[in-house]
Amino acid sequence: QVQLRESGGGLVQAGGSLRLSCAASESIASFESMDWYRQAPGLRREWVATIKSNGVTDYADSVRGRFTISRDNAKNTVYLQMNSLKFEDAADYYCNALRDYMYYWGRGTQVTVSS
């Protein structure tokens with residue numbers, strides 16, 4: 001069974017940066033895509049970024065230019081570099097992977113943004 005584990009969340013001041021990691025239990029090259037989602041209290045889950053198996057990336061308009069998704073296949077890890085953080089970026093961040101019509105989810109890591 002595929003296991004995903006997010007890490008790197010924490011408390012950061014507005015304007016600061018964090019790098020989130022998503023470590024997979026098997027080769028991330030075997031997935032069609034890997035994505036980051038986030039969910040703030042009282043709000044629906046929001047898609048943040050994707051990286052396809054061919055390396056193509058895309059971002060939600062709300063984070064484009066500030067966030068960067070990347071991967072290290074040798075480490076079975078996907079990253080989300082978050083810069084210029086805003087109050088609205090505060091949320092639980094979740095890693096998602098797709099393979100053969102199956103979606104896999106991590107348990108999340110919390111990002112808190114202070115003034």
message: To the closest 0.5 Å, what do you measure between CD1 (I28) and CE (M34)?
response: 6.0 Å
- request: Could you give me the CA-CA distance, side-chain angles and deciding distance for L18 and V111, then say whether side chain to side chain contact (heavy atoms under 4.5 Å, CB included) is met?
  value: CA-CA 9 Å; L18 282 176; V111 173; 4.0 Å; yes
query: Any idea which heavy atoms bring A90 and A40 closest together, and the distance?
result: O-CB, 3.7 Å
Pairing residues for R99 by the side-chain contact (heavy atoms from CB on, under 4.5 Å) criterion, not counting sequence neighbours: V2, E26, S30, F31
query: In terms of hydrophobic clusters joined by side-chain contacts under 4.5 Å, are M82 and F87 together?
result: yes
message: Could you list the cluster mates of Y94? Members are the ILVMFWY residues connected by side-chain heavy atoms closer than 4.5 Å, either directly or through other members.
response: Y37, W47, L98, Y103, W105
query: Quick one: salt bridge (charged side-chain N to carboxylate O under 4.0 Å, His left out) pairs with a partner in residues 70-85, sequence neighbours left out?
result: none
query: Is there a donor-acceptor contact under 3.5 Å from the side chain of D100 to the main chain of M102?
result: no
field: By side chain to side chain donor-acceptor pair (under 3.5 Å) - contacts of D61 (at least two apart)
entry: R64
message: Grouping I, L, V, M, F, W and Y whenever their side-chain heavy atoms are under 4.5 Å apart, do Y104 and V78 come out in a common cluster?
response: yes
- prompt: How many angstroms lie between atom CG of N76 and atom OG of S25, to the nearest 0.5 angstrom?
  reply: 8.0 Å
- request: First locate atom OG of S62, then atom CG of D89, and finally report the distance between them rounded to the nearest 0.5 Å.
  value: 7.0 Å
task: Would you please name every residue forming a salt bridge (Lys or Arg N to Asp or Glu O under 4.0 Å) with E46, sequence neighbours left out?
output: R38
- request: Measure the spacing between CD of E6 and OG1 of T77 and express it to the nearest 0.5 Å.
  value: 11.5 Å
message: Is there a salt bridge (Lys or Arg N to Asp or Glu O under 4.0 Å) between D58 and K52? Walk through the geometry before answering.
response: CA-CA 9 Å; D58 200 8; K52 307 297 185 183; over 6 Å; no
query: At what distance, to the nearest 0.5 angstrom, does CD of Q13 lie from OG of S114?
result: 5.0 Å
field: Shortest non-hydrogen separation from S84 to S17 and the atoms involved
entry: N-OG, 4.3 Å
- request: Kindly compute the distance separating OG (S70) from CG (L80), expressed to the nearest 0.5 Å.
  value: 8.5 Å
query: Under 4.5 Å between any side-chain heavy atoms of Q110 and Y93, yes or no?
result: no
- prompt: How would you list, by chain and number, every residue that makes a side-chain contact (heavy atoms from CB on, under 4.5 Å) with T57, sequence neighbours excluded?
  reply: I51, Y59, I69
query: Considering all heavy atoms of both residues, which atom of A24 and which atom of L4 are nearest to each other, and what is their separation?
result: CB-CD2, 3.7 Å
field: Heavy-atom closest contact (G9 atom, T109 atom, distance)
entry: N-OG1, 3.1 Å
